[in-house]
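One structure is given below, encoded as structure tokens.
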2 protein chains.
Amino acid sequence: MSRARLTDEDARFIEKYRPDAYPRPAVTVDIAVFTVIDARLVTLLIKRNEAPFRNQWALPGGFVRVGTSRKDQGESVDDAAARELREETGLPLDPTYLEQVAAFGKPMRDPRMRVISVAYFALIRPALGSLIHAGTDASHAQWVHVSDLKKRALAFDHESILSACLTRLRERVDNSNAAFALVGETFTIPELRAVHEVVHSQALDAGNFRRRFMRWREDGIIEEAPGKRITASKPATVYRFSQSR
Amino acid sequence: MSRARLTDEDARFIEKYRPDAYPRPAVTVDIAVFTVIDARLVTLLIKRNEAPFRNQWALPGGFVRVGTSRKDQGESVDDAAARELREETGLPLDPTYLEQVAAFGKPMRDPRMRVISVAYFALIRPALGSLIHAGTDASHAQWVHVSDLKKRALAFDHESILSACLTRLRERVDNSNAAFALVGETFTIPELRAVHEVVHSQALDAGNFRRRFMRWREDGIIEEAPGKRITASKPATVYRFSQSR
DNA sequence: ACAAAAGTGTTAATTTTACACCCATGC
DNA sequence: GCATGGGTGTAAAATTAACACTTTTGT
């Protein structure tokens with residue numbers, strides 16, 4: 001399979017194409033940012049300072065930048081998500097993990113106008129989580145325990161979006177390398193286990209988890225790192241994620 | 001969690017909101033329709049009769065209808081997919097299975113203008129598949145064996161879209177009830193097995209599949225239907241999908 | 001009778017789960 | 001020494017996989 005070529009006819013047609021013949025929706029990205037703070041899974045909420053839903057909590061996000069000409073079509077939706085995340089969190093670097101979840105496209109989800117939103121979930125390291133809270137006005141951005149979300153009323157349909165992101169996060173922690181984005185650059189087996197436990201809010205058998213971990217090691221997904229982690233008791237071996245693959 | 005209420009301030013703000021302040025992308029749906037014909041997995045391709053990519057093959061799809069006012073915001077993206085599917089296949093009924101896969105939002109994927117597409121995959125019963133082929137001009141719509149897709153050049157980025165839909169289809173056949181949408185209203189164990197085999201292009205052990213099947217039966221997912229299927233050899237018991245759950 | 005395909009039985013291999021226990025270290 | 005938590009061993013239970021075999025029917 002390969003993409004078909006554009007013909008001369010195509011080129012001529014495109015020249016005279018009238019792009020504004022039909023009404024268009026606005027398109028936004030919304031991002032559920034997760035991290036672990038104090039051994040609890042948290043997500044980032046932003047207090048809106050504009051109507052609608054002014055002073056209500058919402059997921060970080062914003063409009064996808066669409067270019068103004070045929071030649072300049074603007075940024076990709078994925079790029080928009082990465083950009084909004086940087087802007088809203090203040091973190092200079094790209095997120096460790098960013099994945100599209102789904103498009104949310106019911107009419108009237110925004111009372112102003114037709115808005116279709118593409119939802120993403122992002123994972124950032126625990127160490128960086130506190131930076132955000134410190135760096136921004138706490139009344140503007142806030143880490144919320146996911147177990148406390150039931151009590152919150154969120155703007156728009158962000159409740160459904162968040163719930164879809166949470167489901168996807170759990171699936172990815174089980175079946176992909178996502179969990180490694182929720183520990184530090186280097187980590188011990190118990191630290192990684194804690195992430196799995198917190199995401200599923202369920203205790204895991206230490207021995208059995210260790211075996212799973214060792215299988216990842218054999219598969220070259222993780223490798224031993226120099227040094228030991230000093231804890232209150234017996235120091236634990238330190239590993240790192242093998243970025244190479 | 002519940003949706004926050006709109007305040008009076010919101011209402012006032014919305015009144016004077018200027019929706020056309022920023023350029024917007026066009027939003028389309030593209031649908032990979034799958035069925036099984038002659039024991040092979042096939043997907044529906046449409047020959048475009050307009051530029052760009054005129055006379056090239058593409059996935060069925062079209063623009064999401066966006067309303068023209070705040071009060072009329074048009075159809076949901078899911079509804080757009082169902083509508084386009086009905087229109088392009090000519091099938092009067094709703095598809096047996098329709099699921100969103102992902103949004104495709106790179107710039108320049110359409111040379112005319114910025115277009116963001118939400119991809120879906122749909123499953124229809126084998127018996128209906130031939131209806132479509134008969135009902136429409138064969139040069140316009142065509143069932144293509146998925147194993148032959150490598151040879152085809154598809155319009156836009158429909159190759160990536162199709163590939164994502166195929167991956168999702170395989171996942172769903174394994175872990176959800178999707179496979180039941182690819183057999184007739186009633187079916188035998190070997191018929192359902194054939195679907196699994198064709199989707200994964202891999203033979204399955206008849207005995208082991210039977211055990212899996214019987215587990216579904218115990219779980220109430222499927223139930224025995226009256227009658228027997230007359231085949232070339234020993235007649236097989238007929239089952240049906242328990243829609244109830 | 002024979003071929004073809006439905007349906008059954010058996011067993012090995014693998015994975016999951018539960019749980020007991022050992023061991024190194026800081027206090 | 002003793003509590004803590006890292007690290008190891010073992011065995012039952014459940015699932016998956018491989019394959020031989022029996023039964024029922026059309027021709």
Side-chain angles (χ1 to χ4, degrees), chain A residues 36 38-40 126 170-171 173-176 179-180 183-184 186-219 221-241, chain B residues 36 38-40 126 170-171 173-176 179-180 183-184 186-240:
Chain A
V36 176
D38 294 338
R40 300 183 68 175
R170 298 207 169 98
E171 209 260 310
V173 161
D174 287 348
N175 304 317
S176 85
F180 299 114
V183 289
T186 64
F187 50 87
T188 66
I189 299 181
E191 280 166 13
L192 187 66
R193 174 161 51 85
V195 166
H196 279 78
E197 290 180 332
V198 132
V199 166
H200 285 101
S201 31
Q202 161 179 245
L204 295 177
D205 182 279
N208 294 337
F209 186 84
R210 177 165 241 278
R211 250 181 298 278
R212 260 176 91 187
F213 190 97
M214 285 313 177
R215 224 174 297 142
W216 294 329
R217 187 166 134 80
E218 281 160 28
D219 295 346
I221 295 169
I222 48 186
E223 59 194 19
E224 204 172 328
K228 289 258 175 187
R229 184 78 86 245
I230 285 100
T231 68
S233 64
K234 177 175 172 182
T237 313
V238 175
Y239 298 85
R240 77 161 71 93
F241 181 53
Chain B
V36 176
D38 294 338
R40 301 182 67 175
R170 298 207 169 97
E171 209 260 310
V173 162
D174 287 348
N175 304 317
S176 85
F180 299 115
V183 288
T186 65
F187 51 88
T188 66
I189 299 182
E191 279 166 13
L192 188 66
R193 174 161 51 86
V195 166
H196 283 253
E197 289 180 332
V198 132
V199 166
H200 285 101
S201 30
Q202 157 178 252
L204 295 177
D205 182 277
N208 293 337
F209 186 84
R210 178 166 238 279
R211 251 182 297 278
R212 259 176 91 186
F213 190 97
M214 284 314 175
R215 224 174 297 144
W216 294 329
R217 188 165 134 78
E218 281 160 28
D219 295 346
I221 295 168
I222 49 186
E223 59 194 19
E224 203 172 329
K228 289 258 176 188
R229 183 80 85 245
I230 285 101
T231 69
S233 64
K234 177 176 173 181
T237 312
V238 175
Y239 298 84
R240 77 161 71 94

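Naming convention: chains lettered A, B, ... in sequence-line order (proteins, then strands); numbering from 1 in each chain. Given the structure is predicted, the values throughout are model-derived calculations rather than measurements.
Sequence order on DNA chain D of the closest nucleotides to A:A232 and A:D205 puts A:A232 first from the 5' end. With DNA chain C read from its 5' end, the first of the two nearest nucleotides for A:P235 and A:G207 is the one closest to A:G207.
The shortest distance between the side-chain N/O atoms of A:R215 and the OP1/OP2 oxygens of C:dT16 is below 4.0 Å. Phosphate contact (OP1/OP2 of C:dG7, side-chain N/O of B:T237, threshold under 4.0 Å): present. Between B:R210 and the phosphate of C:dT8, there is a side-chain N or O to OP1/OP2 separation shorter than 4.0 Å.
When the C1' atom of C:dT8 is taken as reference, atom CZ of B:F209 falls 17 Å away, rounded to whole Å. In this structure, B:K234 places its NZ atom 12 Å from C1' of D:dC21, rounding to the nearest Å. Here C:dA6 presents its P atom at 12 Å from OH of B:Y239, a figure rounded to the nearest Å. Atom C1' of nucleotide C:dC27 and atom CD1 of A:I230 are separated by 16 Å, given to the nearest angstrom. With rounding to whole Å, A:N208 atom CG is found 16 Å from D:dA14 atom P. At whole-Å resolution of the value, CG in A:L204 and P in C:dA18 are 11 Å apart. Rounded to a whole Å, the CD1 atom of A:I189 is 12 Å from the C1' atom of D:dT8. Rounded to whole Å, the distance from CZ on B:F213 to P on C:dA6 is 12 Å.
Applying ring-ring contact (aromatic ring centres under 6.0 Å, His included) to B:Y239 and the options B:F180, B:F187, B:W216, B:F213 leaves one that passes, B:F213.
Two residues are said to be in side-chain contact when any heavy atoms from C-beta on lie closer than 4.5 Å; A:D219 and A:R217 fail this criterion.
A:R229 comes within contact range of no nucleotide atom at all, as no heavy-atom separation falls under 4.0 Å. Across all strands, A:R212 comes closer than 4.0 Å to no nucleic acid atom at all (heavy-atom distances). Using a 4.0 Å heavy-atom criterion, one finds that A:R211 contacts the bases of the nucleic acid, with or without backbone contacts as well.
Dense packing is recorded around CG of A:D174, with more than 12 heavy atoms of other residues, nucleotides or ligands lying under 6.0 Å away. Summarising the local packing, CG of A:N208 is surrounded by more than 12 heavy atoms from other residues, nucleotides or ligands at distances under 6.0 Å.
When distances run from any side-chain atom of A:S233 to the nucleotides D:dG5, C:dA6, C:dA5, the shortest one goes to D:dG5.
Ion pair A:R240/A:E223 flagged as a salt bridge, since at least one NZ, NE, NH1 or NH2 atom sits closer than 4.0 Å to an Asp/Glu carboxylate oxygen.
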